[in-house]
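Throughout, protein chains are lettered first and strands after them, A, B, ... in sequence-line order, and every chain is numbered starting at 1. Remember, it's a predicted structure, so these values are computed and weren't measured experimentally.
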Protein chains: 2
Amino acid sequence: MKDGGAKRGPTSADKVLGVLSLFTAERPVWSPERAARRMRVSLATGYRYFNTLVAAGMLEKLHRNRYVLGPAIVELDRQVRAADPVLKLAQPVMQRLLRRLREPAAILLCRHYRQKVMCIHQETNRSGEAVSSQPVSSYERGTLRPMFRGATSKVILAHLPARAIVNLWRDHRREIVATGMGPGFEDFKAALRALRREPVNVSSSEVDEGRTGIAAPIFDATGRVNGSLSVVLLSPPASARAVTRLTIAVQAAAREIERGRGAAGDKGSKK
Amino acid sequence: MKDGGAKRGPTSADKVLGVLSLFTAERPVWSPERAARRMRVSLATGYRYFNTLVAAGMLEKLHRNRYVLGPAIVELDRQVRAADPVLKLAQPVMQRLLRRLREPAAILLCRHYRQKVMCIHQETNRSGEAVSSQPVSSYERGTLRPMFRGATSKVILAHLPARAIVNLWRDHRREIVATGMGPGFEDFKAALRALRREPVNVSSSEVDEGRTGIAAPIFDATGRVNGSLSVVLLSPPASARAVTRLTIAVQAAAREIERGRGAAGDKGSKK
DNA sequence: TACAAATTTCTCACAGTGTGAGAATCAGGT
DNA sequence: ACCTGATTCTCACACTGTGAGAAATTTGTA
């Protein structure tokens with residue numbers, strides 16, 4: 001991705017960890033042989049990598065020649081959830097907000113991760129009711145979305161520190177321009193300034209067709225964006241009045257989450 | 001764990017991966033310094049390990065000296081969920097089973113992992129209704145339970161291959177005896193045989209006080225235990241008739257999950 | 001049961017790299 | 001701006017991760 005003067009090659013552990021990112025939705029099963037070829041290492045080393053990862057529980061041998069991501073990942077994600085103070089605060093707030101809505105909707109908690117936006121938690125009010133009907137939001141814990149489309153993303157994008165904005169422009173100029181945020185860097189910054197002026201962002205059909213997202217940023221104690229909270233509606237809002245009502249509710253929920261921080265870290269740890 | 005003649009020490013990648021298992025519920029935040037001391041490596045190497053893991057997204061720098069498990073884990077777990085054929089099959093079955101219950105309950109899908117049992121998925125019928133009330137089950141995706149207590153575990157234990165049984169006896173004799181499965185290995189095997197005779201297992205207050213678990217094993221296409229499906233009831237069942245009814249329902253659900261396999265793997269892959 | 005073909009581990013020598021100690025640099029809080 | 005602690009850098013050395021191929025194991029099939 002970024003390359004400001006390659007000092008030294010990837011370390012051994014880098015490559016072992018890199019194996020994990022081979023496992024995608026399109027190809028969830030890998031053999032040591034194929035992985036070795038892909039990573040440009042010998043077959044023996046491919047087996048060594050796989051054995052290391054299996055020993056750590058990060059991979060699991062399904063059959064013969066077929067490996068999938070392993071249970072250690074499930075266990076680690078449980079640790080992540082248990083240790084995430086924002087999630088703990090947000091969950092009841094999200095459930096309360098959802099209960100006030102009288103239509104199919106999803107509430108999303110998201111954060112930014114590597115020039116993208118990741119969903120951390122989702123609450124839905126149609127859990128398994130109508131089986132065949134389409135879901136309100138394709139977003140789900142662990143899924144990524146582009147930084148430039150959708151209320152959820154844009155509200156985070158708008159408040160990113162200057163350094164991050166510069167990097168985004170450098171790495172995704174094409175995409176930014178395609179989204180209509182001006183042909184030049186100055187236009188981009190102006191668009192972000194405009195986004196910042198509104199306490200929430202409302203966008204329609206930018207991620208999922210027909211859906212409307214209403215999102216508010218969540219800031220941490222130091223004033224940096226920590227993520228966003230959003231409501232996704234299945235159908236377009238009935239009226240401008242309805243939008244206003246939701247806007248206020250989302251904003252209030254975000255403030256409530258922010259208010260809860262402070263009891264999260266143990267500061268008394270003597271290194 | 002097992003040690004049949006230590007050939008060589010842990011490799012570099014082993015140690016890097018080992019860092020991840022330092023992050024527990026009791027201590028979710030680590031500094032490179034403390035981790036280095038714990039892993040018996042130099043401070044510089046501690047920083048190297050942390051930087052490697054941060055680059056992979058497996059760790060995240062919270063502040064100064066404070067690192068937590070990172071977003072890559074969340075993303076990977078999403079891949080695990082998306083790629084898990086059993087989960088995909090089981091989820092609707094679990095929801096349907098839950099909807100038939102007219103009392104507070106939880107449905108659990110579990111699997112065995114490293115001499116323990118891990119929860120893969122949970123469905124509850126009291127999601128956020130009464131806020132302050134106790135949850136039906138403390139089990140949750142990614143959490144582990146001992147192999148010898150609770151219906152969920154015992155039903156898996158009963159059908160484990162002989163090799164695994166021997167290892168369990170070797171590594172957990174104390175615990176097994178404490179659970180009442182005989183003082184000798186023969187008694188243990190007899191207890192397992194008895195468990196195997198019943199198609200489901202019903203246990204009370206072995207994991208969570210006052211709760212009753214009703215579990216059925218799930219077998220894969222080759223006839224090995226793949227995991228278990230269980231119902232956890234908040235209150236003891238009203239009657240023996242109620243138990244029978246649930247027993248049949250759980251068993252039927254497990255069979256339904258088993259029936260769905262076969263369309264999961266792509267066998268036509270030319271290595 | 002035995003065979004053939006694939007997968008997986010092992011052996012070994014060598015180059016490459018991960019390592020520790022300490023110096024140098026950087027960042028944060030006051 | 002300061003000072004303290006956190007983080008990176010430098011460098012030489014030992015070690016260990018690596019590739020090629022042989023050996024062993026497992027799997028599918030006759």
Side-chain angles (χ1 to χ4, degrees), chain A residues 2 4-19 29-56 59-68 70 161-163 220-224 262 265-271, chain B residues 2 4-19 29-56 59-68 161 163 220-224 265 267-271:
Chain A
K2 71 176 173 181
K7 298 266 176 174
R8 62 199 65 181
T11 181
S12 170
D14 285 332
K15 290 192 275 184
V16 172
L17 287 168
V19 169
V29 181
W30 283 79
S31 71
E33 182 188 349
R34 187 190 273 268
R37 234 179 310 120
R38 179 68 129 65
M39 309 225 65
R40 309 305 197 83
V41 296
S42 73
L43 180 58
T45 298
Y47 276 100
R48 275 188 281 252
Y49 286 0
F50 271 53
N51 286 337
T52 298
L53 289 166
V54 167
L59 287 186
E60 183 171 39
K61 188 180 195 160
L62 257 196
H63 181 57
R64 244 323 183 152
N65 207 6
R66 310 161 62 79
Y67 289 75
V68 294
R163 153 70 56 63
D220 68 11
T222 71
R224 300 159 84 89
D266 58 315
K267 60 181 178 182
S269 70
K270 24 171 57 180
K271 47 175 173 181
Chain B
K2 71 176 171 181
K7 298 265 174 178
R8 60 198 66 183
T11 180
S12 170
D14 284 334
K15 290 193 276 183
V16 173
L17 287 168
V19 169
V29 181
W30 284 78
S31 69
E33 183 188 349
R34 187 189 274 266
R37 235 181 306 122
R38 179 67 129 68
M39 309 226 64
R40 309 306 197 86
V41 296
S42 72
L43 180 58
T45 298
Y47 276 100
R48 276 187 280 249
Y49 285 1
F50 271 53
N51 285 337
T52 299
L53 288 166
V54 167
L59 288 186
E60 184 171 38
K61 189 180 194 162
L62 257 196
H63 180 57
R64 243 330 178 147
N65 207 8
R66 309 162 62 79
Y67 290 75
V68 294
R163 154 69 56 62
D220 67 12
T222 71
R224 301 160 83 89
K267 61 179 177 183
S269 70
K270 19 174 59 179
K271 49 176 174 181

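- Nearest heavy atoms, A:M39 versus A:V19: SD-CG2, 3.4 Å.
- Spacing between atom OH of B:Y47 and atom P of D:dG5 amounts to 13 Å, rounded to whole angstrom units.
- Considering every non-hydrogen atom in both A:A13 and B:V16, the closest pair reads CB-CG2, 3.7 Å.
- To the nearest 0.5 Å, atom NZ of residue B:K15 and atom CZ of residue B:R48 are 11.0 Å apart.
- In this model, the phosphate group of D:dT8 is approached by a side-chain N or O of B:N51 to a distance below 4.0 Å at OP1 or OP2.
- Taking only side-chain nitrogens and oxygens, B:K61 comes nearer than 4.0 Å to OP1 or OP2 of D:dT7.
- Separating the CG atom of A:D14 from the C1' atom of C:dT17 is a distance of 12 Å, rounded to the nearest angstrom.
- For the pair B:L43 and B:E33, the tightest heavy-atom approach, listed with the atom from each and the gap, is CD1-CA, 3.7 Å.
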With the criterion being N/O to N/O and under 3.5 Å, what pairs connect the protein with nucleotides 22-30 of chain D, and how long is each?
unit_1 : atom_1 : unit_2 : atom_2 : d
D:dT27 : O4'    : A:R64  : NH2    : 3.0

Between the protein and nucleotides 13-17 of chain D, list every N/O to N/O distance that falls short of 3.5 Å.
unit_1 : atom_1 : unit_2 : atom_2 : d
D:dG17 : OP1    : B:T11  : OG1    : 3.0
D:dG17 : OP1    : B:S12  : N      : 3.0
D:dG17 : OP2    : B:T11  : OG1    : 2.8
D:dG17 : O5'    : B:T11  : OG1    : 3.1

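- Bending across the helix from C:dT1-D:dA30 to C:dT30-D:dA1, expressed as the angle between its end axes from five pairs apiece, amounts to 80° (10° rounding).
- Checked by atom type and distance alone, the side chain of A:S31 pairs as donor or acceptor with a backbone atom of A:R34 at under 3.5 Å.
- Among all heavy-atom pairs drawn from A:R64 and A:K61, the shortest one is O-CE, 3.2 Å.
- Here C:dT9 presents its P atom at 12 Å from CZ of A:F50, a figure rounded to the nearest Å.
- In this entry the distance linking CZ of B:R66 with P of D:dT7 reads 12 Å, nearest Å.
- What separates CG of B:L62 from P of C:dG28 is a distance of 14 Å, to the nearest Å.
- Closest approach of A:R66 to A:V29, counting heavy atoms only: CB-CG1, 3.6 Å.
- Checked against C:dT7, D:dG21, D:dT7, the side chain of A:N65 finds its nearest nucleotide in C:dT7.
- A:W30 and A:F50 get closest at one heavy-atom pair: O-CE2, 3.8 Å.
- Two residues are said to be in side-chain contact when any heavy atoms from C-beta on lie closer than 4.5 Å; A:L53 and B:L17 meet this criterion.
- Put simply, the side chain of A:S42 gets close to the backbone of A:T45: a donor and an acceptor are under 3.5 Å apart.
- Under the 4.5 Å side-chain criterion, counting only non-hydrogen atoms from C-beta, A:Y49 is not in contact with A:P32.
- One can place CD of A:E33 at 13 Å from C1' of C:dA5, the figure rounded to the nearest angstrom.
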